[in-house]
Amino acid sequence: MKISPIFISLIATSLLIFSCRQEPAGLGYTASKSATGSTAMVVSPHPLASEVGRQILQKGGNAIDAAVAVQFAIAVVYPRAGNIGGGGLLVLRQAEGETVTLDYREKAPAAATRDMYLDSLDNIVPGLSTDGHLAVGVPGTVAGLIAAYDRYGGGLPFAELIQPAIDFAEKGFRVSITEAERLNTYQDAFRQYNTDDNPFVKDTPWQEGDLLRQPNLAKTLIRIRDEGRMGFYGGQTADYIVAEMKRGGGIITLDDLSDYQPTWRLPVTGTYKNYRIITMPPPSSGGIALVQLMKIMESYPLASMGFQTAASTHLMTEAERRVYADRAEHLGDMDFFPVPVDSLLKKQYLNSRMADFNPEAATPSAKILAGAIANTPEHFETTHTSVVDAQGNAVSVTTTLNGNFGSKVLVHGAGFFLNNEMDDFSAKPGVPNQFGLVGAEANAIAPGKRMLSSMTPTIVEKDGRLFLVLGAPGGSTIITAVFQVILNVTEFGMDLESAVNAGRFHHQWLPDQVMVEKGTLSPEVRQALEKMGHTFREVERMAVIKAIQRLPDGTLQGVGDRRNPDDDARGY
Ligand code: DON
C-alpha cells in the first residue's frame with residue numbers, strides 16, 4: 001500500500017497539535033515547533049536559546065555569530081546536553097557556496113591507553129567509560145566556538161554573543177517539564193559523583209517552572225568572555241578541571257587542556273540526483289555513512305516504491321546494515337587511522353556492497369559478536385542547531401556531552417558537566433558501546449585521538465542553491481534519521497514538518513534488528529518484512545531532527561521535532 005504524503009502530513013499535524021503545550025504560568029517561554037521567515041532562521045533544542053539566536057541575527061550577526069551565541073545559551077538552559085564540557089562538529093556553507101567544517105570533538109587525554117576500560121582478564125569494566133571521571137575526554141566546545149568566531153564571525157563583539165548565557169546562569173531561568181524530569185532522574189548520579197556544591201541537586205523533586213541559577217557557571221562564562229580561550233583552557237577554570245579530575249581519579253591534565261586545538265577540515269560531499277550533500281568527515285562516521293546511503297539509493301526507484309512500504313523499508317534497511325558494517329571496520333579519527341574515504345564513497349564500491357541484496361529476503365548480519373546487545377538509552381540528548389542568516393550563510397552544528405549530563409561529573413567550582421565521550425571509542429574490538437555500536441582498530445583508544453561520532457551535521461544543496469540544513473541528537477540513530485528526513489523531502493514529497501515528524505526505523509548492522517518507533521510501519525508492512533527475515537525492536541523515539549528548508553520562493557521554513565517538547569524554531 002502506498003501512503004500519500006497528505007495522509008502523513010495529517011497524522012504529523014495532529015500529533016503536533018496533540019503535543020503543543022500551553023505556556024505554564026511563570027515559565028516565560030513556549031516552544032514554537034515550526035516557523036517561517038523571509039530573512040533568517042534558527043532551530044535549536046530550547047526556546048530561550050533560539051530566541052538568543054534570532055536576536056543576534058536581527059542585530060546583524062551572521063550564522064556563525066548566532067550559532068556561537070546559541071551554543072553558549074544551551075550550555076546554560078539545556079544542561080542535560082548543552083555544554084562547554086563536551087565537544088561538537090560544525091558544517092558551514094557560506095552564501096557564495098564555499099564550504100568548510102570545524103571538528104571540535106573531544107580528544108583522549110595523553111594518559112589514555114588502549115585497554116583503560118578493561119580488567120585483568122581483558123573484560124570491559126561496566127560503567128567505567130560512561131560514568132565518572134575516567135569517562136571524560138578533553139573538552140573541545142570552547143576552543144571550537146572561539147575558532148569559528150575568530151575565522152567566520154560577522155562582526156558582533158564576542159562579549160555580546162556570550163552575554164545572554166551569562167545572564168541566564170546568573171539570574172536563573174525556569175526549567176521546562178522535560179528538563180525537570182531529566183534532573184530528577186539523575187539525582188542519585190549527581191550525588192554519587194559530585195561534591196555538595198551542586199545547583200542541580202535538590203531535596204524535593206524539580207518541577208516545571210522552578211528557577212535554576214548557576215552562579216559558578218556564570219563565573220566560568222565571564223572568564224571565557226574576558227580571557228577568551230585561556231578563560232577555559234588555562235587559569236582558574238583549568239585548575240578547577242584538573243582538581244576535579246584528581247578528586248575523582250580522572251586523568252586530564254593542564255597540558256591536555258592547553259594542548260587542545262580544534263581542526264578545520266574539508267567536508268565530505270556527494271551528489272544525489274540534482275542534490276549535493278555537504279557533511280562532516282571523520283571523526284564523524286555520519287557524513288560518510290550518509291553519502292554512502294544516498295548514493296546507494298540513487299540506483300533504485302525509491303519514489304515509486306513508496307513511503308514505508310515493505311519494498312522501500314527493506315531496501316533502506318539493507319543499505320543501512322551494510323553501511324554500519326563499514327562504519328565498524330573502517331571509520332575512526334583520520335589523524336590516527338587511514339580511513340579509506342574515497343574508496344568508501346565510490347559508486348562501484350557501493351554497487352558491490354549491494355550485490356548480494358535480495359529484494360525478497362533480509363541478509364543476516366555477519367555472526368553477532370559476543371555481547372552485541374544494544375542498550376540504547378530511551379532519551380537521546382545531544383544538541384543540534386541549524387541556522388541560516390540574512391546573507392544566506394548556513395550553519396549546521398551538533399554538540400554533545402554524549403549521555404544525559406555526560407559523565408555526571410560537575411566541575412567543582414566551575415559549574416559545568418563534563419562529557420562521557422570516551423565511551424564512543426571502541427574499548428574492546430567487537431564489544432558494543434552504550435549505543436550498541438561495535439568497532440575495531442580504526443576506533444581504538446590512543447592518546448590525543450578523537451573518538452568516532454555519529455553526529456551528522458549536514459547541509460543539502462539543490463541545483464547549486466541552499467536547500468536543507470539539518471542534524472540531530474540520537475547516538476547511532478542520527479545517521480539514519482538524517483538520511484530518512486532527506487528522502488522524505490526529496491523522494492516522498494513531504495513538506496519539512498511532515499518529513500521531520502514522520503516515524504522512523506533504523507538498522508545498524510549489529511545487533512541484527514530493525515529498531516522502529518512505536519506506531520511506525522503498518523502491521524501489514526511489518527508482517528511482510530518479518531517474512532523476509534527482519535526482526536523488530538520498538539522504541540519510544542529515536543533521533544530528534546532540527547531542520548531548515550529554503551523553499552523555492554526563498555522563504556525559510558524552520559522545524560523542530562515533535563520528539564523533543566523543547567525543540568524550537570524562530571525566524572523573521
Ligand atoms: O558523537 C556521538 O555519536 C555521540 N556521542 C552522540 C550522543 C548522542 O547523540 C546522545 N544521544 N543519546
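Atoms within a ligand are numbered from 1 in the order they appear, just like the ligands themselves.
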### Ring centroid separation Tyr186 to Trp206 under 6.0 Å
no
### Pairwise distance NZ(Lys546) to CG(Asn564) - rounded to 0.5 angstrom
5.5 Å
### Query
When you measure from atom 6 (C) of ligand 1 to each heavy atom in Asn433, Ile479, Thr382, Thr383, which option holds the nearest one?
Thr382
### Query
Which of the atoms of ligand 1 are close to Ser453, meaning less than 4.0 Å from one of its heavy atoms?
1 (O), 2 (C), 3 (O)
### Message
Among Leu437, Thr399, Asp424, Thr400, which one puts a heavy atom closest to atom 4 (C) of ligand 1?
### Response
Asp424
### Lys NZ or Arg CZ of Lys107 over Tyr260 ring: under 6.0 Å, within 45°
yes
### Query
Under 3.5 Å between some N or O of ligand 1 and some N or O of Phe435?
no
## Note on the structure
The atoms of ligand 1 lying under 4.0 Å from a heavy atom of Ile478, numbered in the order shown, are 9 (O)
### Query
What about Leu452: any of its N or O atoms under 3.5 Å from an N or O on ligand 1?
no
### Message
Under 4.0 Å from a heavy atom of Ser454: which atoms of ligand 1 are those, numbered in the order shown and with their elements?
### Response
1 (O), 2 (C), 3 (O)
### Message
Going by side-chain hydrogen bond (donor to acceptor under 3.5 Å, both in side chains), name the residues that satisfy it together with Thr141, two or more places apart in sequence or in a different chain.
### Response
Asn83
### Message
Please verify the inter-ring angle class for Phe200 with Phe417; under 30° counts as parallel, over 60° as perpendicular, anything in between as tilted.
### Response
tilted
### Task
With rounding to the nearest 0.5 Å, note down the distance linking CG in Asp423 to CD in Gln434.
4.5 Å
### Partners passing side-chain hydrogen bond (donor to acceptor under 3.5 Å, both in side chains) against Glu421 (at least two apart in sequence or in another chain)
Arg105
### Task
Could you pull out, from Arg80, His384, Glu421, Met455, the option with a heavy atom nearest to atom 5 (N) of ligand 1?
Glu421
### Query
Does some non-hydrogen atom of Arg105 fall short of 4.0 Å from ligand 1?
yes
